[in-house]
Structure formats: structure tokens, C-alpha cells
K.L.:
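Could you have a look at this structure, given as C-alpha cells, before my questions?
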Amino acid sequence: MSWTISGTYVAGCSCAVLCSCPYDGQPRDAKGGTECRGTAVFHVADGNLDDLDLSDVDFAFYNLFPSNMSSGNWKVGLVVDTSASDEQAQALERILSGREGGPFGQLSQFFGEYLGMERAAVSLEEGDSPGLTVEGRTELSYEPLTGPDGSSTKIRNAMFGFAPEFEVGRTTGRSDAFGLSYEASYGERADYVFTSEEAEEGARGRV
């Protein structure tokens with residue numbers, strides 16, 4: 001089967017700014033903890049799994065990284081928006097759990113425990129007040145870091161990343177899903193493209 005998903009994401013996690021996970025460093029939160037607990041909400045502007053259209057679906061990907069990312073033993077879980085059909089939700093689960101290959105298939109080697117898929121209202125806010133909401137679980141607000149010229153701060157060519165270049169910033173709010181609770185601190189956002197045709201040596205991603 002072939003698949004592709006593309007659109008925009010906003011992510012937040014427990015790590016102190018800046019999160020060290022993209023460059024495979026040891027996670028650190030503001031209280032000295034050494035785990036990264038996070039949430040990324042994706043809006044799929046365009047996507048498909050074979051003939052099944054996945055456009056205009058939102059989903060949230062939850063993570064627990066117990067150490068630097070290449071050490072593995074990740075815990076990951078998925079929440080798909082209730083407006084998606086059962087077929088769309090199942091297709092996204094197959095893609096994101098790694099069963100359909102591509103970059104998530106490569107990353108599944110680091111999974112220690114897949115926490116399953118749940119359904120709830122999922123939304124991604126852009127504009128002047130960006131953030132993400134997963135009903136009954138997560139509500140985070142995002143503010144980008146900026147440089148001297150006022151433009152947003154970005155990271156390029158990280159070892160792990162949802163995109164080749166992504167904006168970084170701060171998040172505020174709280175999350176509690178799949179038994180993974182945290183107060184948010186770090187955040188990021190970007191446009192993304194994932195496809196099953198991506199070369200194995202090019203596979204990169206935080207989850």
C-alpha cells in the first residue's frame with residue numbers, strides 16, 4: 001500500500017526550552033526530570049492511503065521518551081478526531097504505528113509500547129493565538145521564540161524532527177492522556193510531509 005499525509009502541526013512537551021530530543025540529547029524538564037512527555041497535533045490538509053482520502057482529518061500523537069531518542073523504549077499513543085470516519089481512523093493508526101512502512105515504519109524500531117488509538121475532538125489553532133486541543137485530555141497554547149529582527153527562531157537539519165525545518169517556542173497548558181501527564185514548556189510548529197515513498201535513509205521524525 002502507498003500513503004501520504006501533509007499539512008501543519010503544533011507540538012508541545014514537558015522539556016525545558018529548548019527540547020534536546022531533536023538532536024538526540026537527554027530530555028530535561030524544569031524540575032530536573034529526564035523524560036520527555038509530549039503531544040503533537042497534526043492537521044492533514046492532503047492525504048491518502050491508497051484510494052482512501054485522509055484530507056481534512058486532525059489527529060494527536062502522544063509520546064513518552066524515557067531517555068535520548070535513539071535509546072528507544074518509547075511509549076506512543078494516538079487520538080483521532082471524532083469527525084473522521086472509522087476507516088480514516090484505522091488507516092491513520094496503521095500509518096502512525098509503522099505498519100504501513102515509510103518513515104513511521106523506520107521509527108517503529110524505537111517503540112517500546114504502543115498505547116493504542118482513542119477518539120475525541122481534536123483541533124489545531126493557527127493565527128494570532130496558535131495552540132492545540134484534545135477534548136478532555138490536552139489544551140496547550142503556543143508562542144514562538146523570535147530573533148533580534150522579530151522573525152521566528154527555527155531549527156534545521158535536526159537528527160529527529162517532524163519537518164526538515166521547524167519553528168521553536170514555548171507552550172503553556174496541561175496534558176493528561178494515556179496515563180502520561182505533564183505541564184507544557186517547549187513547543188514547535190511547521191508544515192510537514194510524510195510519505196511511504198520516502199527513502200529509508202531519509203526517514204526522520206520525533207515519533
Side-chain angles (χ1 to χ4, degrees), residues 3-15 19 21 35-49 52-66 69 73-100 102-105 107-108 110-126 130-142 160 162-163 166 171-192 194 205-207:
W3 61 268
T4 183
I5 53 174
S6 61
T8 304
Y9 79 89
V10 175
C13 73
S14 58
C15 288
C19 176
C21 292
E35 296 179 336
C36 175
R37 298 178 178 221
T39 312
V41 166
F42 295 79
H43 172 68
V44 181
D46 186 44
N48 67 277
L49 173 61
L52 179 63
D53 186 15
L54 300 176
S55 302
D56 295 320
V57 174
D58 294 331
F59 66 88
F61 209 82
Y62 287 85
N63 70 266
L64 167 62
F65 305 139
M69 296 188 67
N73 203 28
W74 305 354
K75 292 183 179 181
V76 297
L78 174 67
V79 178
V80 179
D81 185 61
T82 50
S83 67
S85 69
D86 288 343
E87 292 78 11
Q88 288 174 319
Q90 290 162 9
L92 285 169
E93 183 178 31
R94 293 202 305 272
I95 290 170
L96 297 162
S97 64
R99 283 178 276 168
E100 293 296 337
F104 288 96
L107 290 170
S108 65
F110 300 116
F111 294 179
E113 182 179 358
Y114 176 60
L115 302 173
M117 179 184 69
E118 299 178 355
R119 304 295 299 273
V122 180
S123 62
L124 183 64
E125 299 295 331
E126 291 287 354
L132 60 92
T133 301
V134 183
E135 183 181 23
R137 296 164 175 80
T138 307
E139 187 167 357
L140 306 183
S141 298
Y142 170 82
F160 290 92
F162 285 137
F166 50 92
T171 52
T172 56
R174 181 169 176 78
S175 177
D176 190 356
F178 298 103
L180 308 176
S181 62
Y182 67 92
E183 296 285 343
S185 179
Y186 168 80
E188 60 183 58
R189 69 174 173 180
D191 295 334
Y192 71 91
F194 294 123
R206 292 190 56 199
V207 291

K.L.:
Apply the test side-chain contact (heavy atoms from CB on, under 4.5 Å) to residues Leu124 and Val10: give CA-CA distance (whole Å), side-chain angles for both, the deciding distance (0.1 Å), then the verdict.
P.N.:
CA-CA 7 Å; Leu124 183 64; Val10 175; 3.3 Å; yes

K.L.:
Once you round to the nearest 0.5 Å, how far does CG of Leu96 lie from CZ of Phe59?
P.N.:
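Here the interatomic distance stands at 4.5 Å.
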
K.L.:
Using modelled atom types and a 3.5 Å cut-off, is there a donor and acceptor pairing between side-chain atoms of Ser85 and backbone atoms of Gln88?
P.N.:
yes

K.L.:
Start with the C-alpha distance between Glu118 and Tyr62, add both sets of side-chain angles, then the distance that settles side-chain hydrogen bond (donor to acceptor under 3.5 Å, both in side chains), and finish with yes or no.
P.N.:
CA-CA 11 Å; Glu118 299 178 355; Tyr62 287 85; over 6 Å; no

K.L.:
Nearest 0.5 angstrom please: Leu140 CG to Leu132 CG, how far?
P.N.:
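So the CG of Leu140 and the CG of Leu132 are separated by 4.5 Å.
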
K.L.:
Before giving the answer on side-chain contact (heavy atoms from CB on, under 4.5 Å), spell out for Asn63 and Lys75 the whole-Å C-alpha distance, their side-chain angles and the decisive distance to 0.1 Å.
P.N.:
CA-CA 6 Å; Asn63 70 266; Lys75 292 183 179 181; over 6 Å; no

K.L.:
How long is the straight-line distance from CG of Leu92 back to CD of Glu100, given to the nearest 0.5 Å?
P.N.:
11.0 Å

K.L.:
Count the heavy atoms of every other residue, nucleotide or ligand shown that sit under 6.0 Å from CD of Glu93, and state whether that count exceeds 12.
P.N.:
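Above 12, so yes.
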
K.L.:
Would you name the heavy atoms of Gly187 and Thr171 that are closest together and state the gap between them?
P.N.:
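Smallest heavy-atom distance, with atoms named: CA-CG2, 3.6 Å.
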
K.L.:
List in chain and number order the residues that pass side-chain hydrogen bond (donor to acceptor under 3.5 Å, both in side chains) with Glu183, two or more places apart in sequence or in another chain; answer none if no residue qualifies.
P.N.:
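With neighbours one apart ignored, the set is Arg174.
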
K.L.:
Run Asp46 and Ser6 through side-chain hydrogen bond (donor to acceptor under 3.5 Å, both in side chains) and show every step you take.
P.N.:
CA-CA 5 Å; Asp46 186 44; Ser6 61; 4.6 Å; no

K.L.:
Just by modelled atom types, is the Glu135 backbone N or O under 3.5 Å from a matching donor or acceptor in the Arg137 side chain?
P.N.:
yes

K.L.:
Please report the closest heavy-atom contact between Cys21 and Phe65, naming both atoms and the distance.
P.N.:
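Reported closest heavy-atom pair: SG-CD1, 3.9 Å.
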
K.L.:
Shortest non-hydrogen contact from Ala190 to Ala163?
P.N.:
CB-CB, 4.0 Å

K.L.:
At what distance, to the nearest 0.5 angstrom, does CD of Glu87 lie from CG of Leu49?
P.N.:
12.0 Å

K.L.:
Would you call Tyr114 and Leu78 a side-chain contact if the rule is heavy atoms closer than 4.5 Å?
P.N.:
yes

K.L.:
Is any side-chain heavy atom of Leu64 less than 4.5 Å from a side-chain heavy atom of Cys36?
P.N.:
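They are not in side-chain contact.
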
K.L.:
Of all heavy-atom pairs between Met69 and Trp74, which one has the smallest distance, and what is that distance?
P.N.:
O-NE1, 2.9 Å

K.L.:
Going through the distances and angles, do Asp176 and Thr138 end up as a side-chain contact (heavy atoms from CB on, under 4.5 Å)?
P.N.:
CA-CA 6 Å; Asp176 190 356; Thr138 307; over 6 Å; no

K.L.:
Out of curiosity, Thr39 OG1 to Phe61 CZ, how far, rounded to the nearest 0.5 Å?
P.N.:
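Going from OG1 on Thr39 over to CZ on Phe61, the span is 11.0 Å.
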
K.L.:
Any side-chain heavy-atom pair from Tyr192 and Ile5 closer than 4.5 angstrom?
P.N.:
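Heavy-atom side-chain distance check passes, below 4.5 Å.
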
K.L.:
Run Tyr9 and Phe166 through ring pair (Phe, Tyr, Trp, His ring centres under 6.0 Å) and show every step you take.
P.N.:
CA-CA 10 Å; Tyr9 79 89; Phe166 50 92; 7.3 Å; no

K.L.:
Does the distance from a Lys or Arg side-chain N to an Asp or Glu carboxylate O, for Arg37 and Glu35, drop under 4.0 Å?
P.N.:
yes

K.L.:
Looking at Val134 and Ala120, what are the two nearest heavy atoms and their distance?
P.N.:
CG1-CB, 4.5 Å

K.L.:
I'd like to know if Asp86 and Arg119 make a salt bridge, using a cut-off of under 4.0 Å between side-chain N and carboxylate O.
P.N.:
yes

K.L.:
May I ask you to check whether Ser14 and Tyr186 show a side-chain donor-acceptor distance below 3.5 Å?
P.N.:
no

K.L.:
Would a distance-only check, ignoring hydrogens and angles, find a side-chain to backbone donor-acceptor pair under 3.5 Å from Glu113 to Asn73?
P.N.:
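Pair absent, no side-chain N/O of Glu113 close to backbone of Asn73.
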
K.L.:
Would you please test Val76 and Leu115 for side-chain contact (heavy atoms from CB on, under 4.5 Å) and show each step?
P.N.:
CA-CA 6 Å; Val76 297; Leu115 302 173; over 6 Å; no

K.L.:
Is any side-chain heavy atom of Thr133 closer than 4.5 Å to one of Val122?
P.N.:
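They are not in contact (no side-chain heavy atoms under 4.5 Å apart), so the answer is no.
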
K.L.:
Can you name the nearest heavy-atom pair linking Phe162 to Ala40, along with the distance?
P.N.:
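Taking every non-hydrogen atom into account, CE1-CB, 3.6 Å.
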
K.L.:
Do Ile95 and Phe194 make a side-chain contact, defined as non-hydrogen atoms from C-beta onward lying under 4.5 Å apart?
P.N.:
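The answer is no, as the side chains (C-beta and beyond) never meet within the 4.5 Å cut-off.
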
K.L.:
Once rounded to the nearest 0.5 Å, what's the spacing between atom CG of Asp81 and atom OG of Ser123?
P.N.:
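Between Asp81 CG and Ser123 OG, I get 8.0 Å after rounding to 0.5 Å.
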
